[in-house]
Amino acid sequence: MPVQALLIGIGAICGVSTFLAILMVIADATIANYGDVKIKINEDKEVEVTGGKPLLSSLMEQRIFIPSACGGRGSCGLCKVKVTSDAGEYLPTELPWITDEEKKDNIRLACQLKLKKDISIRIPEELFNVKEYLAEVVSLKDLTYDIKQVTLKLINPDDISFKAGQYIQFKVPEYEMTAEPVYRAYSMASHPSRKNEVELEVRLVSNGICTTYIFEHLKAGDSVTINGPYGDFFLRDTDSDIIFIAGGSGMAPIKSILNDMADRGVERNIVYFFGARSVRDLFLLEEMKELEKKLHNFTFVPALSEPQLGENWKGETGLITEVLDRHLKSGENVEAYLCGSPGMIDATKEVLIKRGVPEGLIYYDKFG
Amino acid sequence: MKQTVQMKKIQEKMKPGVITRDGFLGNDIRNLIDILVEDEAGVKRIGLTHQVIANRMMELREAGMRGLGNFISVAPHFEVQVDSVRGKLPCPFGDPGIFPKTNITVKNLNINDEITFTDLHIHLIGSHGFYEGKGSLFRLEPERLIKTLEIAPEEE
């Protein structure tokens with residue numbers, strides 16, 4: 001009898017729990033109807049969206065794109081937006097990404113913040129220039145064993161305006177490694193003057209959802225979706241001498257900047273240090289030689305940290321920091337642009353500062 | 001083994017779509033506590049501790065940092081690359097801080113095997129003895145990790 005009572009008790013609890021769960025689902029779909037809410041942007045633009053959805057996707061529906069590398073899962077921490085009205089308490093899923101300083105500024109993660117009432121936000125003006133593009137893969141070319149050049153022709157819209165050095169987000173559709181679309185950021189390597197084309201240089205990342213897709217599934221003729229441009233890594237309009245430093249796929253934005261300078265006839269003293277391990281990691285050497293002819297004061301300095309026996313390498317050897325240290329005598333009248341791994345950026349920054357390059361004139365695109 | 005309420009909450013955070021798109025558990029249906037206990041036993045059988053394994057991972061990470069994003073030779077017969085992708089990840093166990101998505105790839109030329117781990121892996125193994133669930137894309141099998149990184153018991 002006690003066992004029977006116990007079973008009846010458990011059954012009753014399960015029944016009540018199931019009923020409450022169903023009630024909550026129904027309530028969320030019906031009672032928790034937030035209606036339309038207004039998003040006021042930068043105090044001068046207003047859009048109306050359906051309430052209850054995250055800010056990130058609501059803005060995306062209005063063709064306003066906030067950078068996000070994880071597609072809105074709260075796992076990249078990139079989609080930070082300043083909220084200037086009351087938006088409620090921080091969610092536990094936001095907190096790991098938000099510093100104390102950002103909390104004071106009411107910075108929120110747009111992908112986590114659900115719109116339950118009217119809201120005011122502030123975003124960089126340049127994000128209004130960001131669009132979503134349907135594109136066709138024109139070609140895929142191996143630049144090295146682990147770097148692929150991807151050339152896209154824009155279909156709709158069919159032209160893009162960007163500053164050399166900026167990046168786009170590439171949408172990876174559902175495939176065996178992801179059940180939902182994801183976005184990954186890649187610098188554009190193309191000329192800004194070629195408005196119908198976007199070129200990327202993608203380095204294979206072990207188990208990377210996007211790079212595996214590009215290396216193993218993408219083929220010429222495929223349709224892809226990208227959005228952009230984003231980023232503040234671009235050439236400053238000064239007369240200073242320029243030092244570029246990159247490694248691996250960090251070549252992409254620097255190549256774009258150099259081609260843009262050649263297209264616009266900008267004449268400045270430029271030295272470009274490119275670090276690789278061995279000859280098989282070098283690429284676009286011919287294109288750099290061509291640029292040396294077009295840009296009269298441009299020198300390309302590829303450097304190998306571990307040239308292999310038999311490669312007969314006659315160029316610079318050593319880590320890129322050592323090569324930079326040997327070449328750069330003074331940082332006076334110099335500004336530097338760096339693109340590569342955080343380790344490379346930190347180490348080269350140290351050398352540049354030691355040589356007198358002001359920290360404020362060192363611009364970088366850190367992968368990370 | 002009985003799973004605590006706290007452990008249950010952590011396991012919830014490890015599910016797909018909470019911290020990472022695919023989660024940390026793969027198709028492993030065991031309780032988190034069982035995953036931890038079984039991996040702990042495997043590591044002990046070899047005469048090691050999670051901390052020794054994490055220390056070796058960190059040592060190779062530090063050595064690989066010298067390559068500034070490229071592969072670099074590390075004695076006696078390793079090649080290591082430390083590279084990063086955009087983004088950061090929090091610890092599912094709720095530890096403070098967020099971990100950059102730094103990929104450390106170690107090639108053991110002697111046995112011709114290669115393994116990739118992240119800063120978060122080093123933390124998860126060193127602080128929690130967690131190698132991810134079976135079937136997770138990013139699970140590090142302790143035995144393979146120990147073999148590839150050549151972690152010997154006497155290093156303890």
Side-chain angles (χ1 to χ4, degrees), chain A residues 67-78 92-93 95-99 146 167 169 177-180 182 184-186 203 205-212 245-250 275-278 281 304-306 319-321 339-348 365-368, chain B residues 9 12-13 15-24 61-74 79-107 114-121 132 136-140:
Chain A
S68 160
C70 67
R73 285 285 181 180
S75 65
C76 72
L78 286 181
T93 44
L95 289 173
W97 311 101
I98 307 291
T99 64
D146 69 347
Y167 68 92
Q169 293 193 131
M177 279 182 81
T178 176
E180 289 175 38
V182 293
R184 290 289 184 268
Y186 294 103
R203 189 179 200 171
V205 175
S206 181
N207 285 332
I209 291 174
C210 190
T211 63
T212 303
I245 306 169
S249 57
R277 186 185 182 207
S278 62
D281 298 297
L304 300 186
S305 57
E306 289 185 358
L319 291 171
I320 203 68
T321 42
C339 189
S341 69
M344 188 276 267
I345 302 281
D346 293 342
T348 50
D365 197 355
K366 219 176 193 175
F367 303 163
Chain B
K9 278 185 189 165
E12 284 302 309
K13 282 200 219 168
K15 286 185 175 170
V18 183
I19 289 179
T20 66
R21 180 168 302 272
D22 299 312
F24 295 83
R61 181 198 193 280
E62 293 306 314
M65 281 295 286
R66 289 188 294 107
L68 306 180
N70 292 313
F71 273 104
I72 190 164
S73 299
V74 174
E79 287 183 350
V80 184
Q81 181 190 42
V82 181
D83 207 356
S84 295
V85 293
R86 289 173 208 268
K88 294 181 172 69
L89 290 171
C91 168
F93 288 84
D95 291 344
I98 41 178
F99 297 81
K101 287 187 178 176
T102 305
N103 291 321
I104 300 110
T105 301
V106 179
K107 288 183 188 173
E114 170 179 327
I115 210 158
T116 298
F117 54 88
T118 65
D119 280 350
L120 184 57
H121 276 123
E132 305 209 5
S136 164
L137 189 60
F138 298 99
R139 171 166 169 88
L140 296 169

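So you know, we letter chains A, B, ... as the sequences are listed, proteins then strands, and number each from 1. Nothing here was measured: the structure is a model prediction, and the numbers come from that model. Because only heavy atoms are used, hydrogens play no part in the values below, and waters and symmetry mates are left out as well, while side chains stay in.
- For the set A347(A), S305(A), A276(A), the count of heavy-atom pairs under 4.5 angstrom toward chain B peaks at A276(A).
- At a 4.5 Å heavy-atom cutoff, L95(A) makes no contact with chain B through either its backbone or its side chain.
- From N70(B), atom CG reaches atom CG of L319(A) across 9.0 Å, with rounding to the nearest 0.5 Å.
- Test D346(A), I320(A), I245(A) against L68(B) for side chain to side chain contact (heavy atoms under 4.5 Å, CB included) and you get one pass: I320(A).
- S73(B) and R277(A) form a side-chain donor-acceptor contact under 3.5 Å, judged by distance and modelled atom types alone.
- Distance check: F117(B) CZ to S206(A) OG gives 11.5 Å after rounding to the nearest 0.5 Å.
- By the side-chain hydrogen bond (donor to acceptor under 3.5 Å, both in side chains) test, T178(A) is found to be paired with no residue, residues two or more places apart in sequence or in another chain being considered.
- Both the backbone and the side chain of N207(A) come within less than 4.5 Å of a heavy atom of chain B.
- Applying the ring pair (Phe, Tyr, Trp, His ring centres under 6.0 Å) criterion to F99(B), with sequence neighbours excluded, gives H123(B).
- If you measure heavy-atom distances from Q81(B) to chain A, the contacts under 4.5 Å come from the side chain alone.
- In this structure, chain B has heavy atoms under 4.5 Å from both the backbone and the side chain of T321(A).
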